[in-house]
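Reading through the structure tokens given below for one structure.
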Amino acid sequence: MNKQHFFGRRAYAASAGALVVAATVFLGLQGAPDESAWAANRDVEMHMGRVPVQNLDELNSTSDAVVVGRVVATGAVHFILPSGEQPHAFQPSAAPKDLPKDKVGAGKTPEISRLQPNIITPPAGMPVTDFTIEVSQVMRNGAGVAKGNRITVSQPGGVVQIPLGEGAPTLTRTMLAEHDALMVPGQEQVLFLQKATSGFVVTGGPDGRFKLDAKRTLQPVDEGSPVGQAHKGETIDGLQSKLNSKGVAGTGGD
């Protein structure tokens with residue numbers, strides 16, 4: 001899969017304002033007596049433009065594999081740009097041709113440096129975190145995944161640190177995709193997966209991910225998800241039976 005289509009076949013673009021808001025929330029407080037509270041970690045939700053998955057047929061047909069797995073490790077945060085986009089340096093407009101010579105240069109926008117006081121430059125792109133998942137059961141296998149494998153699943157969001165300059169604390173923010181809480185080591189989940197450039201991504205974001213409760217029944221990550229609500233409280237065996245009825249028998253055992 002092309003890296004420009006990192007989050008699979010469904011439209012999945014983050015609002016560019018999320019990181020900007022996270023960074024610039026501190027601007028008006030420069031010089032305040034105590035800045036430490038503003039540097040403390042806070043959650044910032046990113047709006048994600050995606051079409052909800054409506055039912056199991058749709059979720060299954062757009063997935064390459066379905067597994068039960070436990071999150072065993074959290075990797076580093078990296079950043080991706082929206083499909084087809086590249087960062088560009090700011091280019092000021094040219095002066096009007098009929099502007100008097102004594103006015104040329106007047107009001108020119110000064111060059112801005114990342115190192116200037118009160119200027120905060122958030123990272124370019126959308127944060128993405130790679131999680132290591134240990135597979136305990138393969139419910140549908142079309143991607144060469146086997147029980148006991150450790151696979152990488154990439155999820156939008158992550159903990160972002162933004163230096164505020166000399167003498168100021170580092171701003172920390174946990175970026176979260178809308179309705180899609182970050183995975184946590186120790187969690188066991190059912191994951192509908194699509195192949196990506198490196199590893200996998202979850203089909204449909206939170207629609208393709210179910211937590212397992214103490215009774216090992218499915219609980220949707222997003223309570224507002226149509227497919228999540230349709231299968232809330234279902235057992236793994238019940239879901240496996242439905243996948244088998246679609247001609248995609250699981251492999252790998254319990």
Side-chain angles (χ1 to χ4, degrees), residues 1-14 46 48-75 77-84 125-147 149-158 176-183 187-211 218 220-222 225-228 230-231 236 239-240 242-244 246-252:
M1 183 175 296
N2 189 296
K3 194 167 185 178
Q4 292 182 341
H5 299 90
F6 189 84
F7 287 107
R9 304 178 183 94
R10 310 187 71 81
Y12 215 105
M46 302 182 295
M48 309 298 289
R50 61 182 184 84
V51 179
V53 178
Q54 295 300 315
N55 52 55
L56 185 61
D57 284 339
E58 183 182 351
L59 188 60
N60 174 60
S61 66
T62 54
S63 298
D64 297 311
V66 185
V67 305
V68 182
R70 186 179 300 277
V71 183
V72 295
T74 304
V77 177
H78 53 100
F79 296 84
I80 64 170
L81 293 170
S83 179
M126 181 175 67
V128 174
T129 303
D130 294 334
F131 292 92
T132 301
I133 308 294
E134 186 170 73
V135 177
S136 58
Q137 181 177 344
V138 178
M139 304 183 72
R140 174 192 166 187
N141 192 354
V145 181
K147 178 182 178 181
N149 284 172
R150 289 194 172 192
I151 61 175
T152 299
V153 177
S154 299
Q155 183 185 4
L176 302 170
E178 199 171 28
H179 307 301
D180 194 10
L182 288 171
M183 290 188 272
Q187 288 179 336
E188 189 175 21
Q189 302 186 350
V190 174
L191 302 168
F192 287 75
L193 301 172
Q194 292 178 342
K195 292 180 182 178
T197 304
S198 177
F200 296 88
V201 295
V202 179
T203 307
D207 293 336
R209 191 158 63 96
F210 293 84
K211 298 177 289 186
L218 276 62
V221 169
D222 178 10
S225 164
V227 68
H231 297 279
I236 294 176
L239 180 62
Q240 180 71 78
K242 290 178 180 178
L243 292 175
N244 288 351
K246 302 176 187 306
V248 287
T251 60

Atom pair [atom1]/[atom2] of [X] and [Y] - distance to nearest 0.5 Å:
X    : Y    : atom1 : atom2 : answer
Q189 : S136 : CD    : OG    : 11.5 Å
R209 : Q155 : CZ    : CD    : 4.5 Å
K242 : L56  : NZ    : CG    : 7.0 Å
R70  : I133 : CZ    : CD1   : 10.5 Å
M139 : L243 : CE    : CG    : 5.5 Å
M126 : I80  : CE    : CD1   : 4.0 Å

Compare every heavy atom of [Y] with every heavy atom of [X], then report the nearest pair and how far apart it is.
X    : Y    : value
Q240 : V138 : OE1-O, 4.1 Å
V201 : A196 : CG1-CB, 4.1 Å
F210 : V221 : N-CG2, 4.4 Å
S154 : S198 : OG-O, 4.4 Å
V77  : G158 : CG2-CA, 4.0 Å
P156 : M46  : C-CE, 4.3 Å

[X] side chain to [Y] main-chain N or O, any donor-acceptor pair under 3.5 Å?
X    : Y    : result
D57  : L59  : no
D64  : K195 : yes
Q187 : M183 : no
Q194 : T62  : yes
R140 : S63  : yes
S225 : D207 : no

**Prompt:** Given I151, which of L191, L193, T132 fulfils the side chain to side chain contact (heavy atoms under 4.5 Å, CB included) condition?
**Reply:** L193
**Message:** Pair V72, R150 - check side chain to side chain contact (heavy atoms under 4.5 Å, CB included), show working.
**Reply:** CA-CA 9 Å; V72 295; R150 289 194 172 192; 3.9 Å; yes
**Complete:** H231 meets the side-chain hydrogen bond (donor to acceptor under 3.5 Å, both in side chains) criterion, sequence neighbours left out, with E234
**Prompt:** Heavy-atom distance under 4.5 Å between the side chains of V145 and F200, does that happen here?
**Reply:** yes
